[in-house]
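Throughout, numbering of the chain's residues begins at 1 and tracks the sequence. We count ligands from 1, going down the list as the structure has it; atoms in each ligand are counted the same way.
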Amino acid sequence: MHDDTTRFMADVIAGLGATPKRLSPKYFYDAAGSALFLDITRLDEYYVTRAELEILGQYASDIAAHVPAGAVLVEFGSGASTKIRKLLDALPRLAGYVPVDISVELLAQEAEELHRDFPALPVWPIAADFTTEFALPAAAAHSPKVGFFPGSTIGNFEPHEAEHFLACAAHTLGPGAAFIIGVDLEKSPATLNAAYNDAAGVTARFNLNMLARIRRELDAQIDLQGFRHHAFYNTDARRIEMHLVATRAQTVRVDGHHFDFAAGESIHTENSYKYTQARFAELAARAGWQIEASWTDAQGLMSVQALRCRS
Ligand code: AVJ
């Protein structure tokens, strides 16, 4: 079995065996899930991507002022590298761009396309899980470093994990480095609930695709009709929670293991934490970063933060 499949299998078996049951949001993004996420980013209700692109477009030159000439820009979880394209024209000449992503195929494809569109930009892809520590290419050793982590992906982490991630990034990027990061903001529960419960049902399909993927890739026995999408803003924890709720008692089978569900029992598939400016600044400070500037869209829904590594 392929390494990735072995890991996926082990995670699914552990997650469905846990109480309460859970699956990691990183498994949303197979080809079908990535296509559904792209559809989400175009929904009226889903403000996150639109608001961030507005900020990157509107404040490109202010953001670029935090990037020294000759810097190496390291993108955590680069995916399709769409956001960096928004910034590249505004940035001073970079020594290199280091996209870090788990998907080797996506990295190779993006490196090729970036090379075509920005022939003067050296691209040094790293295939790694960006939540762990990884080594930067030797060629980057003597250049100033700038991290880039758009999309509010940091919201998927528990706050203590977000702090750990930022501390690791401080270690990887080094003292004096900058970090440009997209952070979704607290707002009215009505707006948040709508963003994760769109009328067209795209987010529901995105969530349910996790089960479809488990069936496809792990040859599991799951009745997709037996589960429904459930997303809500947890006001106390300040996070959107996404769940797949069993609509009746049933059993899911994966590789000789069986997992019993009571009617109404859920699999927790995602948290999407929302921050105030103050709470994010406190968290970043505990991880060794100082906020130098932050920008929001005209409606104040989403933020982009410029951090500086203190020590
Ligand atoms: C990609 C993690 C930022 O939390 O808003 C969108 C994922 N989940 N709709 C988010 C997501 C449901 C998204 N992030």
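Looking only at heavy atoms of the protein, atom 4 (O) of ligand 1 is closest to S272 OG, 2.7 Å.
For the pair E186 and R279, the salt-bridge criterion is met [side-chain N within less than 4.0 Å of a carboxylate O].
Contact check for I214 versus Y27: no side-chain heavy atoms found under the 4.5 Å cut-off. Considering only heavy atoms from C-beta on, T41 stays 4.5 Å or farther from E52 through its side chain.
The shortest N or O to N or O distance between K274 and ligand 1 is not under 3.5 Å. The N/O atoms of E270, backbone and side chain alike, include one that comes under 3.5 Å of an N/O atom in ligand 1. Checked by distance only, ligand 1 and Y46 come closer than 3.5 Å through their nitrogen or oxygen atoms. On a distance-only criterion, T153 and ligand 1 share no N/O pair closer than 3.5 Å.
Residues V67 and W124 are members of separate hydrophobic clusters, defined by side-chain heavy-atom contacts under 4.5 angstrom among Ile, Leu, Val, Met, Phe, Trp and Tyr.
Neither the backbone nor the side chain of Y47 comes within contact range of ligand 1; no heavy atom lies under 4.0 Å. Neither the backbone nor the side chain of F28 has a heavy atom within less than 4.0 Å of ligand 1.
Under a 4.0 angstrom heavy-atom cut-off, Y29 registers as being in contact with ligand 1.
Of all atoms in ligand 1, numbered sequentially from 1 with element shown, those under 4.0 Å from a heavy atom of N156 are 2 (C). Proximity to S152 (heavy-atom distance under 4.0 Å) selects the following atoms of ligand 1: 3 (C).
N234 places a side-chain N or O within 3.5 Å of a backbone atom of A237 that can act as its donor or acceptor partner. Between the N193 side chain and the Y233 main chain, a donor and an acceptor come within less than 3.5 Å of each other.
Between A204, P150, G151, G182, it is G151 that holds the heavy atom closest to atom 3 (C) of ligand 1.
A cation-pi arrangement, defined by a distance under 6.0 Å to the six-membered ring centre and an angle within 45 degrees of its axis, is absent between R85 and F118. Because its NZ or CZ atom is not both nearer than 6.0 Å to the ring centre of F259 and within 45° of the ring axis, K21 does not count as a cation-pi partner of that residue.
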